[in-house]
Every structure is written in C-alpha cells, then in structure tokens.
Amino acid sequence: MREFLDTVGTFPTLLFSVALVVVAVFWLLVLCGTADPRSFDSDVDTQALRLGPVPVSVAATVFTVAGWLLSLTGSVLVDHADPARPLSSLLSLGVLALAAVASWSVTRRLVPPLTKLFPDEPGPSRQDFAGLPGPLERHRSAVLGQHRATVRLRRRR
C-alpha cells in the first residue's frame, strides 16, 4: 500500500491523480443533481475531435482514467528498473508523454460506442403531454411513480 501511495503522489502520476480527483468530484455533483453531465458541451466540439456526439465530461473522464492507469503502470515499471537519478527523471517525462498519447488513443476507441447512451434529443417528458385531452391510466408500474398517458385526439369533420 505504501508503494501505491508513493507512486500515486509523485510525478508523473500526480498530475493524473489530481485530474482524477476533479473528475470524481464532478461525477459526485452530477449524482447529487447539482451539476449536469453536459455542462461543458458548449466549450468543446467533440465531433471535431472525432469522438462522436458525447458529452465532453464523458470523454474527459475516459481520458483521465486511462491516463492515470497508464502513468501509474509506467511509474511502477520505472521505479522497479531503479535507473540513475538523471535517467529516472527523463524516463518519468517519457512516461507522462506516453501516457497522454496512449490515453488519447484509448479515449478515441472507447468513447464513440458510448454515443448510444447520450442521444441528442431527450426522451418524452411530462410537459409534452400537458394540456392534451385524454384519460390518465394507472397500471402496476404506478407503484414506482410511473403513469401512462393515453391521448385520443378527435378528428375534425
């Protein structure tokens, strides 16, 4: 455990560790309902980055997690190789660069399949049915607070 904490708290893994904490706090805020997963969508065009129409927060999360894992692995390998001090610093810079490039590659492969989970148009809401004539039917699913609206439109003659 001590080796893990030392590796997580030293360069280059520290950079990704800080980003990982920020990502974790953001998703906790999303779970609490105080933030929206599409909060940053107006800032970056994920289509131009060839990531597909997913929220920027999802792409950033995948990039951060992949970068953290890759830099952690690279740092452990460099530490176990036990190189001389100047060579260790150069290898750490190489691990940072390689982790960032490999993380980008992983992100570009993992994010496009997630587009099905984030449609451009939201599904129907209760507001879509407000004001329409028709009975509100209760079914067994009403136990969970769900109702089905049946709307019968009258044809004009």
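Computation of the quantities below employed the complete heavy-atom set of this structure, encompassing side-chain atoms and omitting hydrogens, waters and symmetry-equivalent molecules.
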Tell me whether L91 is reachable from L69 by hopping between hydrophobic residues (I, L, V, M, F, W, Y) whose side-chain heavy atoms are closer than 4.5 Å.
no

Nearest atoms (heavy-atom pairs only) where P12 meets S92
CG-O, 3.6 Å

What are the two closest heavy atoms between T64 and L20, and how far apart are they?
CG2-N, 3.5 Å

Ignoring hydrogens and angles, state whether a donor on the side chain of W68 or T13 is under 3.5 Å from an acceptor on the partner side chain.
no

How far does OG1 of T10 sit from CG of L5, to the nearest 0.5 angstrom?
10.5 Å

Checking side-chain polar atoms at under 3.5 Å, does S89 have a donor or acceptor matched by the opposite partner on R85?
no

Does L15 belong to the same Ile/Leu/Val/Met/Phe/Trp/Tyr cluster as V95, with side-chain heavy atoms less than 4.5 Å apart forming each link?
no

What distance separates F11 CZ from S75 OG, expressed to the nearest 0.5 Å?
8.5 Å

Using a 4.5 Å cut-off on heavy atoms from C-beta on, say whether the side chain of V58 contacts that of L114.
yes

Could you tell me whether a side-chain N or O of S17 sits under 3.5 Å from a main-chain N or O of V8, the two making a donor and an acceptor?
yes

Min side-chain heavy-atom separation L72-F4 under 4.5 Å
yes

V30 and P37 have their tightest heavy-atom pair at CG1-CG, 3.8 Å

Could you give the distance from CG (D79) to OG (S88), rounded to the nearest 0.5 Å?
6.5 Å

I need the minimum non-hydrogen distance between F63 and T107, along with the two atoms involved.
CA-OG1, 3.1 Å

L51 and V111: which non-hydrogen atoms are nearest, and at how many Å?
O-CG1, 3.4 Å

What I'd like to find out is whether the side chain of F16 reaches to under 4.5 Å of the side chain of L96, using heavy atoms alone.
yes

Do you reckon V106 sits in the same ILVMFWY cluster as W104, going by side-chain contacts under 4.5 Å, direct or chained?
yes

Looking only at heavy atoms, which two atoms of S103 and L70 are closest? And how far apart?
N-CD1, 3.7 Å

